[in-house]
Amino acid sequence: MEYKFTDIEKKWQEFWKTNQLYKVPNDFSKPKCYVLDMFPYPSGAGLHVGHPLGYIASDIYSRYKRLKGFNVLHPMGFDSFGLPAEQYALDTGQHPAVTTKKNIATFKAQLDNIGFSYDWDREVQTSDPSYYRWTQWIFLQLYNSFYNRKTNKAESIKILENAFEKEGNTNFPMPNAQYTLPAFTSDEWKGFDERLRQEILMQYRLAYCGYGEVNWCEALGTVLANDEVVNGVSERGGYPVVKRKLRQWYLRITEYADRLLDGLQTVEFSDAMKEMQTNWIGKSEGAEIDFDIAGSDPAVAHKLRVYTTRPDTIYGVDFMVIAPEHELVEQITTTAQKQVVDEYIGYVKSRSERERMAEKKISGVFTGAYAINPVSGREIPVWISEYVLAGYGTGAIMAVPCGDDRDHKFAKHFNIPITNIIGEYYNGQDANPTKEAKLENSDFLNGIEMMKAAGIVVSQLELAGKGQRKVNYRMRDAAFSRQRYWGEPFPITWKDGVAYTLSENELPLQLPHVDTYQPGPDGEGPLSNIKDWTDRNLETNTMPGYAGSSWYFLRYMDPHNENTFCDRKVSDYWNQVDLYIGGTEHAVGHLLYSRMWTKVLFDLGYIGHDEPYKKLVNQGMIQGSSRFVYRVHGTNKFVSAGLKDQYSTDAIHADVNMVDGFELDTEAFRNWKKGEFADATFILENGKYICGAEVEKMSKSKFNTVNPDDLVAKYGADTFRMYEMFLGPVEMSKPWDTKGIEGVHRFLKKLWRLFYDETKGQLWTDEKASAAELKVLHQAIRKIENDTDRFSFNTAVSSFMIAVNELTDLKCHKKEILQPLLILLAPYAPHIAEELYNQLGGEGSVLNAPYPVFEEKYTRESSKEYPVSVNGKTRTTIDIALDAAQTEVEQIVLNNEVIKKWLEGKAPKRIIFVKGKMVNVVV
RNA sequence: CCGGAUGUGGUGAAAUUGGUAGACACGUCAGACUUAGGAUCUGAUGCCGCAAGGUGUGGGGGUUCGAGUCCCUCCAUCCGGACCA
């Protein structure tokens, strides 16, 4: 009997489906394990071999945990709102709902082909009204909450309203100090009209509407989040992005900065990932210091407030720099300098964000004004320069050229004298940002270490009322609205400029059907073109892509609940995602937003945990390995890669699927692209046409995509699964190479031959296993269990191969050995494992079999022990090297080889002995 | 510039706490069975060398009885953040 993988896989996939073996009950009596993949955006291109890498890893782990007796939640769904579907709709007129549905069907078929153990009953689609109903509901919770800095958690906005009524906002300072009315009393509050009250409350809400500079992308007609902008262009499409003021919705994620930072201590993310999130949050501790402007009327004295992380360098301040957009610019510029300042500001405005980032030219201009150092009383010139950013800190800095590189370059460029406060740490050539120097030229701070001085300076400034400690974050509130159609509508109506929420029983607010997807007027979204929508005064923005993905892991737990987004008892049971697998590209987007939403839902008491993911594994990207053919310029001749230097050629992408390794199938090439190259002639080397190669991103346009369906058809899903794992560690990025898949396929065939012989048929027996056979089995159990536990799937696959090789050598066909081996294999190659397990007469499905238990006694070496006396009858002096933990040696176990040598007269000179085990004998 | 990661045969890669480097597989070579094989099996395969032997984990230095693994330094590649005071 042959290994007919296609029949076997079809048979068992149907069996699992009809018997609902993947159905996961919310059975609270069993220990749980939640294994989650980042759900895909169902693009029109379908899956390529890069996608399933993480899915296979998580599927193996889920099946493994299931065998270990856990109730495993391993769901899949689709992040089906998003830009590409809408872009496609704009191009073709096809409704996003239609294309999305089609794409999802394709994805599901492709996924099922690989044999994943998803419980499709729990599938979620973010664009489904029964799902986004709850996205809208959670939005309302965000909208109706504020962050109470006293209790350090989100609380109902009603608590805030009551407080305002009683005592004004003295105990609840406004998070956004830029607002024109930062403080008010109880009486004032009572006097405010509805509109003003609502406007004030808006300054506190966790989801709020405001005007702000946003990243506006003209080409996409929409606003992008900071992390969707890469180097001044849009991440998707690479279109230019400019700043523009628009009415926008935001999430007040900045209030959670500290908790998002602290939470990282409690989760198992890679150091790289934690680092990225930490950098994105960008917490820095320092001080705000007020400098008076010299000569100004004390009554209206202009204070210049700066932010610094190094208050200890206060005596080294040689000049001040304020951002060109700073509000004080106009007020402090002297008449003499007015013209040059205006010119400079004009110049800065003419430069795009991109230019400012690309060419780091030193530029700036003196305002004519002087500030007074609040500690030394020294008068310091105030400059304007674009290297100071209006959006960070206070938009103004105190420049310490001897300690900061940018300040130093600026001082040198404009010939500003430099005060050295760090002695020999400063060489006159380059700034030195040391924190270790003992201060000089710093009056009462002289001789004090910089680290200590910082505290002293801040304390003194605080006493004098000229400064205070201040923590700054680089992270901004997240823009939460898009001028787009294909997203969740906001459950908000507008009346007289005041936002009102829909009531919960009006949800879901369904996305209306439209015939055109063109943007509305003034950068508004397509919804503003719909009369019925605008008549109802509904918000015309929609939510961004990350809205639906910020909580989907909760919906999987209780997907059909119509009373709540997820029952509290159910979320308490499934709790955190035990293993989350996905790419690094979501490091600062999705992962931060979903962490914030989880914390909010936790604060409001809807769930019992405040970090969504316990452990995160980042799968590497599978790149494409492109192939090129070289056409001799201006001809129809193609020259093999090794000879191309002799000609002038153009490189053309050739489809990797018609190349075997590097050798081109020239016939296939002639038939490719409807015969575009039908008349091609080839200049071969050694009778072959060799292609050039390059590693690139996997993409259809580069003809380097490989469809998993093709590989499954040729080798079977089990081979495909194991091969993807065999490629290397899941975390590592690597180019796809189909070549080695034969080896894995060969392994499965070899395994099959332990059970069946083509001529003899069934091979397995009920004989008792030998010690050698048991040793092979138990070594395999130990290794594979261990490897699976630590996600080292590539070495686990190797261990299977070793075991099967050894059993083949031993001609072992014993059920006692083979059956446990199949259970070990079931997570990796479920179809063949199920088939053979069944053939052996295993009870029920291998999916529910008990995992084999490793017993050490079977793996012990059976060697004889030779006690050797060292202090008694010595035949020679032996030097015994011990490791630190070892204090004495009672017995040395020598192996036969050493004894033999000893008897030949080669006495050991030194025996190296580590942790009770002899590791080396120096003869 | 800052931060993180990686660097091991022709190739993908192994090597739990420092303990025989290169497991396992691809590829290659030789052979067996075959009408044939892109099936299967056996053997060889880091490099230099006919051999004995030498050498070997990006380069250099160090700690150690012993270093792919730890420390210092330099180089290369990839990823992330970048005028954040």
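Within every chain, numbering begins at 1; the chains are lettered A, B, ... in the order of the sequence lines, protein sequences first and strands thereafter.
- Listed nucleotides: B:rG4, B:rC83, B:rC26. Nearest to the side chain of A:Glu275: B:rG4.
- Atom name C1', nucleotides B:rU20 and B:rA32: the rounded distance is 33 Å, in whole Å.
- With a glycosidic angle no further than 90° from 0, B:rG9 counts as syn.
- Among the heavy atoms of the strands lying under 4.0 Å from A:Asn805 are primed sugar atoms or P, OP1, OP2 only; no base atom is included.
- A:Phe410 and A:Phe414 have tilted rings, their planes meeting at an angle from 30° to 60° on a 0 to 90° scale.
- Spacing of P atoms, B:rG7 relative to B:rU16, comes out at 13 Å, to the nearest Å.
- Checked against B:rG3, B:rA85, B:rC24, the side chain of A:Ile802 finds its nearest nucleotide in B:rC24.
- Set against B:rC24, B:rA85, B:rU40, the side chain of A:Thr309 has B:rA85 as its closest nucleotide.
- Taking atom P in both B:rA14 and B:rA25, one finds a spacing of 15 Å when rounded to whole Å.
- The side chain of A:Arg790 approaches B:rA15 more closely than any other nucleotide in the set B:rA15, B:rG12, B:rA82.
- Spacing between B:rU63 and B:rG53 at atom C1', rounded to whole Å, works out to 30 Å.
- For the pairing with A:Asn279, the side chain to side chain contact (heavy atoms under 4.5 Å, CB included) check across A:Gln277, A:Met276, A:Lys283, A:Glu275 returns one residue only, A:Glu275.
- When distances run from any side-chain atom of A:Glu386 to the nucleotides B:rG12, B:rC84, B:rC83, the shortest one goes to B:rC83.
- Going from atom CZ of A:Arg474 over to atom P of B:rG3 covers 13 Å, rounded to whole Å.
- Mapped onto RNA chain B by nearest heavy atom, A:Lys783 and A:Tyr473 fall at different nucleotides, with A:Lys783 at the one closer to the 5' end.
- Spacing between B:rG62 and B:rA52 at atom P, rounded to whole Å, works out to 32 Å.
- Contact between the side-chain N/O atoms of A:Asn794 and the OP1/OP2 oxygens of B:rA14 is found at a separation under 4.0 Å.
- Pair check for B:rG3 finds B:rC79; Watson-Crick or G-U wobble, both atom distances under 3.5 Å.
- Among the nucleotides B:rA15, B:rA39, B:rA85, the one closest to the side chain of A:Lys749 is B:rA39.
- Ring geometry, A:Trp736 versus A:Phe720: the interplanar angle falls from 30° to 60°, so the pair is classed tilted.
- If you measure from atom CE of A:Met801 to atom C1' of B:rA14, you get 13 Å, rounded to the nearest angstrom.
- Residue A:Lys739 places its side chain closer to B:rC26 than to any other of B:rC83, B:rC26, B:rU40.
- A:Met273 comes within 4.0 angstrom of no nucleic acid atom, judged by non-hydrogen atoms across all strands.
- Salt-bridge check for A:Lys466 with A:Asp290: failed, with every basic side-chain N at 4.0 Å or more from each acidic carboxylate O.
- Atom-to-atom, OH of A:Tyr387 to P of B:rC83 comes out at 14 Å; the value is rounded to the nearest Å.
- Within the structure, a side-chain polar atom (N or O) of A:Arg753 is placed less than 4.0 Å from OP1 or OP2 of B:rC41.
- A salt bridge links A:Lys783 to A:Asp787: one of the charged nitrogens lies within less than 4.0 Å of a carboxylate oxygen.
- Comparing A:Arg310 and A:Gly740 by the nucleotide of RNA chain B that holds the closest heavy atom to each, the one mapping nearer the 5' end is A:Gly740.
- Note on A:Tyr392: a side-chain N or O is less than 4.0 Å away from OP1 or OP2 of B:rA85.
- Between the CD atom in A:Glu325 and the CD1 atom in A:Ile384 there is a gap of 10.0 Å [rounded to 0.5 Å].
- Which of B:rA13, B:rG3, B:rU42 sits closest to the side chain of A:Asp809 comes down to B:rU42.
- Distances were taken from every side-chain heavy atom of A:Arg746 (C-beta onward) to each of B:rA14, B:rA85, B:rG27; the shortest belongs to B:rG27.
- Going from the C1' atom of B:rA21 to that of B:rC74 covers 25 Å, rounded to whole Å.
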